[in-house]
Amino acid sequence: MNRPIGVFDSGIGGLSVLKECVSRLPHEDFVYLADKANMPYGGKSCEQIKSAALYCADTLFGMNCKAIVIACNTATETAVEYIRELYKREIVIGLEPAVKPCFRELCSGEYGVALVTEATAKSRKFRALVDGCENRIIVSPQPELAELIERGADLGTLRAYVGRMLLPYRDAAAVALGCSHYSHIAPLVSEFYGGKVRIYDGALGAAARLETLLKESGEAASDGKGGVRFFSTEKKRTL
Ligand code: DGL
């Protein structure tokens, strides 16, 4: 029970997921791995993303983690099945773009926008998710946004980017944040719509699923101080 839980993303995006996990499971120890060497995942091929995600999963399970959370929509859409196949007996949680709840809660005449990376937009798993939404979810792939956020672009730059990005969808009723990096700009999305938009983020669902599976498997820690250790990959690896 005292084994840690591993959480990974290509960079700081998954911190929003980590935060939800820590607040639900305060007695657990977490290990966070930012795969900075391979950031951005969103512009990579399927094979490259699978290889990067597997490296992170191997590293975290190699650190004796009792579960891992793929705190990245791109890696989940592309590689979660591959990793689960290789780690059949382990708990592997993915981060799904919150397109389903976004679609379910649309009123008549409303539509929503899903902001995702290019790789997520192309992935078969994500296409299947959107195909079930009766053309009421518009997919908007963003090739640069995750990197802008990762390198800590200033508020003015991000606000201008968000304004350009959302202008074509200014009458949308809902926005699904389909990349964990985008959680960091949720306040700017809300600001663009004057607070009149529903914002959906998959982080809550991933944290809830983690809690459920840990409890079901008898692996949840019920005491302990809890804590987080941070690691990152820095050197370029050949994918
Ligand atoms: N944060 C990741 C996601 O949720 C991907 C960002 C990137 O590396 O392109 O999709």
Side-chain angles (χ1 to χ4, degrees), residues 6-21 32-57 59-60 68-83 92-100 102 113-127 129-130 137 139-153 158 161-162 165 175-186 188-189 199-207 209-210 230-234 236-237 239:
V7 180
F8 78 87
D9 178 42
S10 61
I12 62 167
L15 293 176
S16 52
V17 182
L18 175 69
K19 184 167 160 258
E20 295 301 336
C21 294
Y32 186 86
L33 177 61
D35 187 14
K36 283 174 165 298
N38 295 304
M39 206 283 153
Y41 285 180
K44 293 199 161 42
S45 70
C46 193
E47 286 314 309
Q48 287 173 319
I49 297 166
K50 278 181 171 172
S51 160
L54 180 59
Y55 176 83
C56 294
T59 303
L60 293 169
I68 64 164
V69 180
I70 306 179
C72 171
N73 294 109
T74 308
T76 298
E77 295 309 284
T78 312
V80 69
E81 280 146 14
Y82 172 61
I83 290 172
V92 177
I93 307 288
L95 178 66
E96 286 287 345
V99 162
K100 267 199 199 145
C102 176
V113 185
L115 303 173
V116 294
T117 65
E118 285 181 301
T120 293
K122 284 189 230 149
S123 75
R124 222 178 317 133
K125 194 164 152 58
F126 180 71
R127 294 301 335 163
L129 192 66
V130 172
I137 299 290
V139 178
S140 176
Q142 298 300 321
E144 291 155 30
L145 184 53
E147 262 183 299
L148 267 185
I149 295 167
E150 181 74 23
R151 49 167 206 266
L158 288 171
Y161 186 104
V162 167
M165 168 176 78
V175 174
L177 302 173
C179 164
S180 54
H181 278 76
Y182 306 167
S183 302
H184 297 295
I185 53 142
L188 293 177
V189 172
I199 297 176
Y200 295 83
D201 188 327
L204 286 173
R209 183 86 185 128
L210 173 66
F230 292 94
F231 296 88
S232 68
T233 58
E234 298 291 354
K236 281 270 174 227
R237 292 184 300 111
L239 290 177

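Just so you know, ligand 1 is whichever comes first in the structure, and atom 1 is the first atom listed for that ligand. From a predicted model like this one, the values you see are computed outputs, not experimental measurements.
Comparing N73, L145, V17, D35 by heavy-atom distance to atom 3 (C) of ligand 1, the nearest is N73.
Nearest protein neighbour of atom 10 (O) of ligand 1, counting heavy atoms only, is T74 OG1, 2.5 Å. Regarding atom 7 (C) of ligand 1, its nearest protein heavy-atom neighbour is Y41 N, 3.3 Å.
Side-chain atoms of E20 do not come within 3.5 Å of backbone N or O of A203 as any donor-acceptor pair.
With values rounded to the nearest 0.5 angstrom, H181 atom NE2 is found 4.5 Å from S10 atom OG.
Assignment of D9 to the shell around ligand 1 is supported, since a heavy atom sits closer than 4.0 Å.
Between V175 and Y200 there is no side-chain heavy-atom pair separated by less than 4.5 Å.
Between N73 and T120, the side chains place no donor N or O within less than 3.5 Å of an acceptor N or O (distance only, hydrogens not considered). Looking only at atom types and distance, the side chain of Q142 has no donor-acceptor partner in the side chain of Y182 under 3.5 Å away.
Backbone and side-chain nitrogen or oxygen atoms of T120 are examined, and none is located within less than 3.5 angstrom of a nitrogen or oxygen of ligand 1. Close N/O approach between H181 and ligand 1 is found [any backbone or side-chain N/O within under 3.5 Å].
Of the listed residues (D9, T74, D35, T117), just one forms a side chain to side chain donor-acceptor pair (under 3.5 Å) with Y41, and that residue is D35.
Within ligand 1, the atoms closer than 4.0 Å to a non-hydrogen atom of M39 are 7 (C), 8 (O), numbered from 1 in the order shown. Interface atoms of ligand 1 facing S10, defined by a heavy-atom separation under 4.0 Å, are 5 (C), 6 (C), 7 (C), 8 (O). Within ligand 1, the atoms closer than 4.0 Å to a non-hydrogen atom of G42 are 7 (C), 8 (O), 9 (O), numbered from 1 in the order shown. Close contacts between ligand 1 and C179 involve ligand atoms 1 (N), 2 (C), 3 (C), 4 (O), 5 (C), 6 (C), 10 (O) [criterion: under 4.0 Å to a heavy atom].
Residue contacts with ligand 1 for S180 involve both N, CA, C or O and side-chain atoms from C-beta outward (heavy atoms, distance under 4.0 Å).
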| Under the side-chain contact (heavy atoms from CB on, under 4.5 Å) criterion, do Y55 and T233 qualify, and how do the steps go? | CA-CA 10 Å; Y55 176 83; T233 58; 3.7 Å; yes
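Surrounding NZ of K125 are more than 12 heavy atoms belonging to other residues, nucleotides or ligands, all under 6.0 Å away.
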